[in-house]
Chemist: 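Here it is, the structure, as structure tokens.
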Amino acid sequence: MSDGPLIVQSDKTLLLEVEHERADECRKAIAPFAELERAPEHVHTYRVTPLALWNARAAGHDAEQVVDALISYSRYPVPHALLVDVAETMSRYGRLRLEKTDLYGLILTSTDRAVLAEVLRSKKIQPMLGERVGEDAVAVHPSERGNIKQALLKLGWPAEDLAGYVDGEYHSIELAEGTWTLRPYQREAADAFWHGGSGVVVLPCGAGKTIVGAAAMAHAQATTLILVTNTVSAHQWKQELLKRTSLTEDEIGEYTGSKKEIRPVTIATYQVMTTKRQGTYRHLELFDARDWGLVIYDEVHLLPAPIFRMTADLQARRRVGLTATLVREDGREGDVFSLIGPKRYDAPWKEMENQGWIAPADCVEVRVTLTDDERLAYAMADAEERYRFCATTPSKTRVTEALVRRHAGDQVLVIGQYIDQLDELADHLNAPVIKGETRIKERERLYQAFRDKEIQVLVVSKVANFSIDLPEASVAIQVSGTFGSRQEEAQRLGRVLRPKADGGGARFYSVVSRDTIDQDFAAHRQRFLAEQGYAYEIIDADDVLASE
DNA sequence: CAGGATGCAA
DNA sequence: ATGAATGCATCCTG
């Protein structure tokens, strides 16, 4: 028996003792094949999931490496059944393959006749198939390439897609390096995508995902369709591409609500693609408007369901998804895996921090205690009012004021979800507030004043989740968040991670009501960051107030 | 036809 | 189970 930091249980959960001296290296070793499930103070729970194992497999890890990692960090003997299961699950990926043949077009082949027989019996699969092509292969209708991958994943037999890609229409795209250079991880990410053919690149906020996209375009040398979440992001992409590549103004088109340009490089919003009229999608022709050689999905964790359906028909095009957090709250990770592709690259946030690409950050959860009256009101509140009630308790205002005073001289963002709460905070802090109804001009004015340090404190609503031009701060105080959204928490922390001129660190406070669902949701939101190695120090609001 | 206001969807 | 922000389409003005 070793003194390892990990307890491996036969239900496929892994318990990591956080204070153990080998906890960090262990976290790094298990991250490729285990997902963090719970992250309270002392023991973090990970789960070994099939999807994580298949991502690991697609990234070139084999079962032996996974088994080695488990055994070498485990405190107790690892359940044999689990090791067998890991090996069995990993071997499922790639047992089936999609290939392209001259004679039969797209075919599904197998190295294992029994597996092929099993999936051929599926009622879901049968309509997608053509004639049997010998003992170990069957023809697949080319238009079903995406659908069959989704269906096979659901059956537990994810296919490796080796059917290749069309080149698309040639278009010269060079990186305009000179005043800047591609960072090593950006190059690695673009190369990993290119060699994998299609798939997802995961990088922290502010790590330059657009530049990875540009590098992917330089690989493809082809017309490119870029899908983004909003128009601000569309403009950002265009500016960045003009700056970083040989592309000129008239080569980049914008396909949004107000403009419908189709150019060799076209940037479209998800929404324009998913708006329907009389039950049919209006702008589907954009996908066929050109012979696109590459499709880039920005913020792939937000990909709306209809885009998945459209992507099922785009399987012969190279596809790259970019994201900071591959986790989705709707559990459609499997569709990202089948339709965009496996994870091709990910850079752990903490490693980026060590290399100085992002600022080190301390995360602090500040717990406020409800007064007896509030406790009673909370207990009596309707289910739909409860979260709002505990998330917006007046005690949070006082501790937020104290935190702002503590950081006098720093640039501080106060972020929350309820407008009433934000208005009140802005009032108390004597700070301006930016919310949905704030006009663009006014927002820009306030952002600029914040950048110029004329304003030290800015109160922002959910606009902060989207707007890219929001200036970086060194302190963020979150007073309420969207239920349990992990990706929102990551975005918000990302706001303070831009490296500081003085090399100093950043601080992220999450103000939470003790013993309420606010605390539960906060714990859920923190999971993704805990997985990235960010530990939340928990302090009492009374201590903050007392220290003044 | 640019730019603003309004309703609606997911 | 929810609240807030957004983007699109449409209509309107000059």
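Fair warning: this is a prediction, and the values are worked out from it, not measured in the lab. In what follows, every chain begins at residue 1, and chains take the letters A, B, ... in the order their sequences are listed.
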Chemist: Within the 4.0 Å heavy-atom criterion, would you say K260(A) contacts the bases, only the backbone, or no part of the nucleic acid?
Modeler: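 Touches sugar-phosphate only.
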
Chemist: So, taking the atom named SG in C205(A) and the one named CD in Q487(A), what distance separates them when rounded to the nearest 0.5 Å?
Modeler: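 Going from the SG atom of C205(A) to the CD atom of Q487(A) covers 9.0 Å.
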
Chemist: Establish, with yes or no, whether the OP1 or OP2 oxygen of dA1(C) is under 4.0 angstrom from a side-chain nitrogen or oxygen of R388(A).
Modeler: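 Negative; the distance criterion is not met.
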
Chemist: Taking only the side-chain heavy atoms of T269(A) (C-beta and beyond), determine which of dA9(C), dA5(C), dC8(C) contains the nearest atom.
Modeler: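 My answer, after comparing the listed nucleotides, is dC8(C).
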
Chemist: Does dT6(C) have its OP1 or OP2 closer than 4.0 Å to a side-chain nitrogen or oxygen of T231(A)?
Modeler: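 It does not, given that no N or O in the side chain of T231(A) lies less than 4.0 Å from OP1 or OP2 of dT6(C).
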
Chemist: Taking the six-membered ring for Trp, are Y387(A) and Y418(A) parallel (under 30°), tilted (30 to 60°) or perpendicular (over 60°)?
Modeler: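 The rings of Y387(A) and Y418(A) sit tilted, inter-plane angle from 30° to 60°.
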
Chemist: Locate the shortest heavy-atom distance separating P499(A) from W357(A); write the atom from each residue and the value.
Modeler: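 Smallest interatomic distance, heavy atoms only, reads CG-O, 3.2 Å.
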
Chemist: Rounded to the Å, how far apart are E488(A) CD and dA5(C) P?
Modeler: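 So the CD-P distance, E488(A) to dA5(C), works out to 12 Å.
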
Chemist: Would you indicate what T274(A) reaches in the nucleic acid, counting non-hydrogen atoms under 4.0 angstrom: base, sugar-phosphate, or nothing?
Modeler: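 Result for T274(A) = nothing.
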
Chemist: Would you say the ring centroid of H407(A) lies under 6.0 angstrom from that of Y509(A)?
Modeler: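 Yes, ring centres under 6.0 Å apart.
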
Chemist: Across the strands shown, which category fits R386(A) at heavy-atom distances under 4.0 angstrom: base, sugar-phosphate, nothing?
Modeler: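 No contact.
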
Chemist: Minimum heavy-atom separation for V202(A) and A324(A), please, with both atom names.
Modeler: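 For V202(A) versus A324(A), the nearest heavy atoms are CG1-O, 3.5 Å.
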
Chemist: Within this structure, what is the CG-to-C1' distance between N230(A) and dA5(C), rounded to whole angstrom?
Modeler: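 Between C1' of dA5(C) and CG of N230(A): 10 Å.
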
Chemist: Is there a side-chain contact between H283(A) and the phosphate of dA9(C), meaning an N or O under 4.0 Å from OP1 or OP2?
Modeler: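 Answer is yes, contact under 4.0 Å.
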
Chemist: Could you tell me how far apart K435(A) (NZ) and dT6(C) (P) are, to the nearest whole angstrom?
Modeler: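 Roughly 13 Å, once rounded to whole Å.
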
Chemist: Without decimals, in angstroms, what is the distance between K259(A) NZ and dG7(C) P?
Modeler: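 Distance, rounded to whole Å: 14 Å.
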
Chemist: How do F521(A) and G436(A) order along DNA chain C: which one's closest nucleotide is nearer the 5' end?
Modeler: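 Taking each residue's closest nucleotide, the earlier one in sequence belongs to F521(A).
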
Chemist: Under 4.0 angstrom, heavy atoms only, what part of the nucleic acid is Q417(A) near: base, sugar-phosphate, or nothing?
Modeler: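 Sugar-phosphate contact only - Q417(A) comes under 4.0 Å of backbone atoms but never of a base.
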
Chemist: Would you mind reading off the distance between Q271(A) atom CD and dG7(C) atom P, rounded to a whole angstrom?
Modeler: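 That distance rounds to 7 Å.
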
Chemist: Would you give the length of the straight line joining atom OG of S461(A) to atom CD of Q421(A), rounded to the nearest 0.5 angstrom?
Modeler: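 Result: 11.5 Å between the selected atoms.
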
Chemist: May I have the distance from I415(A) (atom CD1) to dA4(C) (atom P), rounded to whole angstrom?
Modeler: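 Rounded to the whole Å, the gap is 17 Å.
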
Chemist: For the side chain of V463(A), starting at C-beta, report the closest nucleotide among dG3(C), dA5(C), dA9(C).
Modeler: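 Out of dG3(C), dA5(C), dA9(C), the nucleotide with an atom closest to V463(A)'s side chain is dA5(C).
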
Chemist: Identify which nucleotide among dG7(C), dG3(C), dT10(C) has an atom closest to any side-chain atom of Y418(A), counting heavy atoms from C-beta outward.
Modeler: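 Closest nucleotide to the Y418(A) side chain: dG3(C).
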
Chemist: When you check the phosphate oxygens OP1 and OP2 of dA5(C), does a side-chain N or O of R443(A) lie under 4.0 Å from one of them?
Modeler: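 For dA5(C), OP1/OP2 do not have a side-chain N/O of R443(A) under 4.0 Å.
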
Chemist: Is T275(A) near enough to dC8(C) that one of its side-chain N or O atoms lies under 4.0 angstrom from OP1 or OP2?
Modeler: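 Answer no for this pair, as no side-chain N or O of T275(A) is under 4.0 Å from OP1 or OP2.
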
Chemist: If you look at every strand shown and take non-hydrogen atoms under 4.0 Å, does Y270(A) touch a base, only sugar-phosphate, or nothing?
Modeler: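 Nothing, no heavy atom under 4.0 Å.
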
Chemist: Send over the distance from D518(A) CG to dA1(C) P, rounded to a whole Å.
Modeler: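 Taking atom P of dA1(C) as the reference, CG of D518(A) is at 18 Å.
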
Chemist: Write down the distance between NZ (K441(A)) and P (dG3(B)), rounded to a whole number of angstrom.
Modeler: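 In whole Å, dG3(B) P and K441(A) NZ are 10 Å from each other.
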
